[in-house]
Amino acid sequence: MVRTRFAPSPTGYMHIGNLRTALYAYLFAKRHDGKLILRIEDTDRKRTMPQTIRVIYNSLELAGIEYDEGPEKDGGYGPYTQSQRREIYNRYAAEALEKGLAYRCFCTNTGEKAAKTKVVERRDPCRTLTPEQVQERLNQGQPFVIRQRVPDEGTSTFHDHVFGEITVKNSDLDDQVLLKSDGFPTYNFANVIDDHLMGITHVIRGLEYLSSTPKYNLLYAGFGWPTPEYIHLPHITKENGRKLSKREGDASFEDLLAKGYLPQAVVNYIALLGWNPGDEREFFTLPELIAAFDIDRINKSSASFTLVKLDWLNSQHVRALSPEEFYQIALPYYPAEAVQRFDVAAISRLIQSRVIRLTDIPQMVDFLLRLPDFPVDLFVHEKSKSTIASSLNILEQALPLLQSLETWENLALQEALKAFAQQTGLKTGTVMWPIRIAISGLLNTPGGATEIAEILGREETLRRINQAVSCLRQAA
RNA sequence: GCCCCCAUCGUCUAGCGGCCCAGGACGGAGCCCUCUCAAGGCUCAAACAGGGGUUCGAGUCCCCUUGGGGGCACCA
């Protein structure tokens, strides 16, 4: 049984790199009829913001990533929140000490010092303390951390499904802290204990853990546990190649949704950032992703996150919606006045194939509410053979024609105006152009003249045409 | 400073020694269609970082250089 996990720490919002990790863990588990476990890594008391756990739940839910076990979904491997597992870590820390896998370190601030001087000590002086010396310090009540005792000799080799075989010298590995002086475990310790105890078969996580993996494996070996399979994921960068960061407010899932992207489009997009199905498909629903997902097709190199392709995918997903679905999703984006005055279901049918982001909608329909001020030369259009004079002439003739129409509906309008064009020997475009301009005041509109006329209704359409006629008379 | 990893069009990518004077997609340019725009159809421009090897043959294997990323925290 495949068991994967997504193990975020609740320190803020969910950026798309994290979301992709969650997605891949989910896709892989589901692809193999396995389970996805959600584990909350809140062992850093300074950075943890408990209220942001909600963000994680929300994002996963919106993305459609369903986990099988988690903090509020017990599957027998709990608790799923690391701060609630402290006794477990203490127990294994004691065992590590007994087995000589770890030792107590009484140094203070060594990490800071090392970082500052750039001189990294991989072996801590406390490593060679005798049991008597250790006992003495314990008796004095000196605070301590527990460090991993990494062998000086030999090399460590492991296999990663993305990066292949990786070998490092043990002497290049540092004696990392396993248990902090506040009694909380570090990630480096907790992840090993939890992944083993929770029966995780495949560890899917970011590339930043690749270089620590040999140390984790030493721990697994020391405890006599089998190591999981590893799938390290290359990073997602922003357009300039820099790493995405929370600090700089880079693309979070929530931001993207607020910008008018559909969750399924974002999911589709990030799935393709670093993975491809092996054929030329690009549009995927979540079930289709599950069916197609294969870790052997994950890329090694990092990918940069760009909005332009997401725009396109989003427009594809918008179009894939049924008219009714789109209408429901678009509804909140319409100005209240538009909902009152017009048939927004009809507008939705018109704009569905033209919307890129949902936030485009207000701007797109604004002209229906207020005829923009527009220059009279909008009526001049070479390709449609439309001039000021022809426009005036056509609008004057169209007025009574439209007035006398029995049904005010797109098809009827179209037929009448096309017939009129034929009778007068004009191109359809020559007739339609001035009408569309007159009733929209825009060069480009989300629909043709007759479609817009239908939305506007007879009264408003005629009012706008009349208005245009007087403008044109003045200009002529 | 030390260690590890990565490197194909602007971007996402296909390519696992000959099928590649490198394919697809987004974006760009143009044409067609058309009641504008969008959609759709067609066409074009656009890449194997550089240098050495190995091989009959290299984008594909090896080495070096360069560039980029990650790690070396009592953060995850």
Side-chain angles (χ1 to χ4, degrees), chain A residues 7-9 11 41-44 46-48 105 107-112 114-115 117-122 143-147 160 162-164 166-169 171-174 176-188 190-191 205-214 232 234-235 237 239 241-243 269 272-276 278-282 297 299-306 308-313 315 319 351-356 381 383-384 413-414 417-418 421 427-433 435-437 440 442-452:
Chain A
S9 38
T11 57
E41 310 231 325
D42 59 347
T43 54
D44 184 340
K46 293 188 201 74
R47 294 204 315 163
T48 292
C105 165
C107 302
T108 51
N109 292 327
T110 51
E112 255 175 54
T117 57
K118 287 276 179 193
V119 177
V120 180
E121 292 291 337
R122 301 195 195 286
F144 64 90
V145 300
I146 294 178
R147 283 185 187 277
D160 179 89
V162 174
F163 291 95
I166 291 171
T167 300
V168 293
K169 291 200 286 282
S171 56
D172 285 328
L173 268 18
D174 64 304
Q176 62 184 353
V177 171
L178 265 19
L179 210 69
K180 311 177 211 176
S181 56
D182 66 5
F184 278 77
T186 60
Y187 169 87
N188 298 132
N191 95 84
R205 64 177 32 146
L207 182 63
E208 64 272 27
Y209 300 106
L210 188 71
S211 54
S212 305
T213 299
H232 285 94
H235 283 137
T237 67
E239 311 202 18
R242 294 294 314 173
K243 193 181 172 182
Y269 177 70
L272 259 18
L273 237 36
W275 170 84
N276 76 82
D279 53 41
E280 282 168 356
R281 286 176 298 164
E282 302 218 84
R297 301 200 63 89
N299 276 164
K300 289 188 176 88
S301 46
S302 60
S304 84
F305 177 89
T306 325
V308 277
K309 188 133 187 186
L310 176 57
D311 278 346
W312 172 75
L313 257 182
S315 70
R319 281 171 192 117
I351 66 173
Q352 184 172 3
S353 68
R354 292 170 240 255
V355 164
I356 294 178
H381 185 67
K383 260 194 78 180
S384 302
L413 287 158
Q414 232 182 86
L417 290 167
K418 282 187 176 171
K427 285 176 59 171
T428 308
T430 316
V431 173
M432 297 296 191
W433 183 272
I435 295 174
R436 195 178 57 81
I437 297 297
S440 71
L442 296 174
L443 197 55
N444 302 322
T445 48
T450 57
E451 291 169 314
I452 289 162

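Below, chain A is the first sequence line, B the second, and so on; all start at residue 1.
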Mind listing the N/O atom pairs, protein and nucleotides 38-43 of chain B, below 3.5 Å?
{"unit_1": "B:rA38", "atom_1": "O2'", "unit_2": "A:Arg319", "atom_2": "NH2", "d": "3.3"}
{"unit_1": "B:rA38", "atom_1": "O2'", "unit_2": "A:Ser353", "atom_2": "O", "d": "3.0"}

If you check the [X] side chain, which of [options] turns out closest?
| X | options | answer |
| --- | --- | --- |
| A:Ser9 | B:rA14, B:rA76, B:rG71 | B:rA76 |
| A:Asp44 | B:rU36, B:rU34, B:rC75 | B:rC75 |
| A:Glu280 | B:rC74, B:rG24, B:rU36 | B:rG24 |
| A:Val177 | B:rC37, B:rC74, B:rA76 | B:rC74 |
| A:Glu282 | B:rA7, B:rG24, B:rA25 | B:rA25 |

Practice task
With RNA chain B as reference, determine whether A:His235 or A:Asp42 sits nearer its 5' end, using the nearest nucleotide of each.
Solution key: A:His235
Fill in the blank from the handout: Per nearest nucleotide of RNA chain B, the residue lying toward the 5' end, A:Asp182 or A:Ser301, is A:Ser301
Results of ring pair (Phe, Tyr, Trp, His ring centres under 6.0 Å) for [X] - residues two or more places apart only:
| X | answer |
| --- | --- |
| A:His232 | A:Tyr230 |
| A:Phe184 | none |
| A:Phe163 | none |

Exercise for the section: Respond yes when some side-chain nitrogen or oxygen of A:Asn299 is under 4.0 Å from OP1 or OP2 of B:rA14, and no when none is. Expected result: yes
Exercise for the section: Please work out if A:Thr43 contacts a base, only the sugar-phosphate, or nothing of the nucleic acid, heavy-atom cut-off 4.0 Å. Expected result: sugar-phosphate
Exercise for the section: Looking at every strand, decide which applies to A:Thr450 at a 4.0 Å heavy-atom threshold: base, sugar-phosphate, or nothing. Expected result: base
Under 3.5 Å between N/O atoms: give me all the protein pairs with nucleotides 9-11 of chain B, atom names plus distance.
{"unit_1": "B:rU11", "atom_1": "O3'", "unit_2": "A:Ser304", "atom_2": "OG", "d": "3.1"}
{"unit_1": "B:rU11", "atom_1": "O2'", "unit_2": "A:Thr306", "atom_2": "OG1", "d": "3.0"}

Problem - Partner residues of A:Asp44 under the salt bridge (Lys or Arg N to Asp or Glu O under 4.0 Å) criterion, sequence neighbours left out - result: A:Arg47
Problem - Base paired to B:rC56 (Watson-Crick or G-U; both N/O distances under 3.5 angstrom) - result: B:rG18
